[in-house]
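Data block below; observations after.
On a predicted model such as this, the values are computed, not experimentally measured, just so you know.
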Amino acid sequence: MSKSSVLVFGGSRGIGAACVDAFVAAGWQVGCTFATRKAPRADVRGWQVDIRDAAAVARVFDEAAAAFGGPPRAVVANAGVNVPGRPVADFSPEDFRLLMDVNLFGAYNVLAEAARRTPEGGAIVAITTSLVRYVVPGTGPYAASKAAVESLVRAMSKELAGRRIRVNGVAPGPVDTDLFNAGKTEEAKQRMAAFSPLNRIGRPEEIAHVVQFLASDAASWVTGQIVQPNGGMI
């Protein structure tokens with residue numbers, strides 16, 4: 001088993017691709033999954049998977065273990081979706097179902113399999129959102145899907161402590177990714193930049209460095225936490 005192998009779910013773009021870059025730069029063996037795009041780098045093993053399919057998620061863990069010579073020491077649960085924001089009263093059941101199917105049930109599939117597969121002393125990191133705590137009208141369903149993931153993270157940190165597996169969440173503020181930019185006007189982006197006293201949107205690599213730290217031995221005394229790299233918005 002490699003002592004420095006990581007499997008990033010949702011690693012083809014945005015925060016996930018930045019995480020892949022950060023782990024590669026730190027000398028880890030890296031694998032990632034993608035839904036429709038290919039792996040972000042030629043030197044990274046990639047698997048196409050729909051995280052809503054628990055059996056498919058399990059197969060990725062099998063193939064990653066074969067590629068790494070043992071189960072990955074760290075797992076990053078980043079894969080997710082968003083839809084245009086609307087008040088709860090105007091939100092369609094179909095869009096709400098999509099958010100829950102991918103962001104909650106899909107994340108559950110990844111986290112549950114990670115709980116079974118991660119070796120003693122390993123780490124699990126789930127990407128959530130600062131919107132769980134910073135209430136913005138129109139973002140309730142998306143924030144709800146991520147709030148549920150944070151509950152799983154906190155429970156798992158206690159459940160896996162006996163194997164010295166650390167489980168944490170990273171809850172970014174607005175970050176310059178395709179997911180964030182989709183459907184937003186420049187005015188809307190500026191309003192969200194103003195959430196931070198630094199008055200800017202975060203960069204994917206700023207989140208990735210936090211994720212890589214939490215997966216590393218440098219964070220050996222950090223578990224059960226929701227770390228919020230958000231420029232001070234909350």
Side-chain angles (χ1 to χ4, degrees), residues 6-47 51 74-83 85 102-103 106-107 110 123-134 136 139 142-143 145-146 149-150 153 168-186 188-216 218-219 225-234:
V6 61
L7 180 56
V8 179
F9 280 83
S12 65
R13 58 182 178 172
I15 290 172
C19 287
V20 168
D21 288 342
F23 280 105
V24 170
W28 291 58
Q29 291 187 84
V30 183
C32 74
T33 74
F34 51 92
T36 56
R37 299 186 181 192
K38 62 182 182 180
R41 300 171 55 122
D43 57 348
V44 168
R45 179 70 183 271
W47 295 272
I51 62 171
V75 176
V76 178
N78 172 67
V81 297
N82 201 357
V83 297
V102 178
N103 292 354
V110 172
I124 300 169
V125 182
I127 308 301
T128 69
T129 176
S130 289
L131 292 172
V132 172
R133 281 154 293 278
Y134 191 98
V136 177
T139 65
Y142 175 74
S145 71
K146 295 295 191 176
V149 173
E150 292 189 359
V153 164
N168 292 288
V170 173
V175 179
D176 186 14
T177 66
D178 292 346
L179 192 68
F180 168 76
N181 289 315
K184 291 186 177 69
T185 64
E186 286 302 315
K189 294 176 190 177
Q190 286 304 311
R191 285 199 305 270
M192 298 190 79
F195 293 166
S196 162
L198 300 178
N199 197 34
R200 69 172 177 86
I201 300 298
R203 300 186 300 273
E205 61 269 24
E206 293 177 307
I207 313 307
H209 291 315
V210 176
V211 173
Q212 196 274 320
F213 163 73
L214 289 172
S216 75
Q225 304 303 305
I226 308 298
V227 181
Q228 298 187 119
N230 58 30
M233 67 182 274
I234 187 171

Would you say that [X] contacts [Y] through its side chain, given a criterion of any heavy-atom pair below 4.5 Å between the two side chains?
| X | Y | answer |
| --- | --- | --- |
| Ser130 | Gln228 | yes |
| Asn230 | Tyr134 | no |
| Arg200 | Ser196 | no |
| Thr129 | Val132 | yes |

Practice problem: Go through the steps to decide whether Asn82 and Phe180 satisfy the test side chain to side chain contact (heavy atoms under 4.5 Å, CB included), and finish with yes or no. | Solution: CA-CA 8 Å; Asn82 201 357; Phe180 168 76; over 6 Å; no
[X] side, atom [atom1]; [Y] side, atom [atom2] - distance, nearest 0.5 Å:
| X | Y | atom1 | atom2 | value |
| --- | --- | --- | --- | --- |
| Ile15 | Ile207 | CD1 | CD1 | 5.5 Å |
| Met233 | Leu198 | CE | CG | 12.0 Å |
| Arg191 | Thr185 | CZ | OG1 | 6.0 Å |
| Arg203 | His209 | CZ | NE2 | 8.5 Å |
| Ile226 | Glu150 | CD1 | CD | 4.0 Å |
| Arg13 | Thr36 | CZ | OG1 | 6.5 Å |

Considering all heavy atoms, the nearest [X]-[Y] contact:
| X | Y | result |
| --- | --- | --- |
| Cys32 | Ala39 | SG-CB, 4.0 Å |
| Leu214 | Gly169 | CD1-O, 4.4 Å |
| Ala194 | Asn199 | CA-OD1, 3.5 Å |
| Val102 | Gly80 | CG1-CA, 3.9 Å |
| Val75 | Val110 | CG1-CG1, 4.2 Å |
| Pro197 | Gly231 | CD-O, 3.1 Å |

Practice problem: Could you check whether the rings of Trp28 and Phe23 sit parallel, tilted or perpendicular, using 30° and 60° as the cut-offs? | Solution: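 Correct class here is perpendicular.
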Exercise. Check step by step if side chain to side chain contact (heavy atoms under 4.5 Å, CB included) holds for Asn103 and Val149.
Key: CA-CA 8 Å; Asn103 292 354; Val149 173; 5.7 Å; no
Any donor-acceptor pair under 3.5 Å from [X] side chain to [Y] backbone:
| X | Y | result |
| --- | --- | --- |
| Ser145 | Tyr142 | yes |
| Thr177 | Gly14 | no |
| Asn78 | Ile127 | no |
| Thr33 | Gly10 | yes |

Practice problem: Give the C-alpha distance, both sets of side-chain angles, the deciding distance and a yes or no for side chain to side chain contact (heavy atoms under 4.5 Å, CB included) between Val227 and Asn168. | Solution: CA-CA 8 Å; Val227 181; Asn168 292 288; 5.5 Å; no
Practice problem: With sequence neighbours left out, write down each residue that passes salt bridge (Lys or Arg N to Asp or Glu O under 4.0 Å) with Arg41, or none if nothing qualifies. | Solution: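 Arg41 satisfies salt bridge (Lys or Arg N to Asp or Glu O under 4.0 Å) with Asp21, Asp43 only.
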Practice problem: Dump the intermediate steps for side chain to side chain contact (heavy atoms under 4.5 Å, CB included) on Asn181 and Lys189, then the final yes or no. | Solution: CA-CA 8 Å; Asn181 289 315; Lys189 294 176 190 177; 3.2 Å; yes
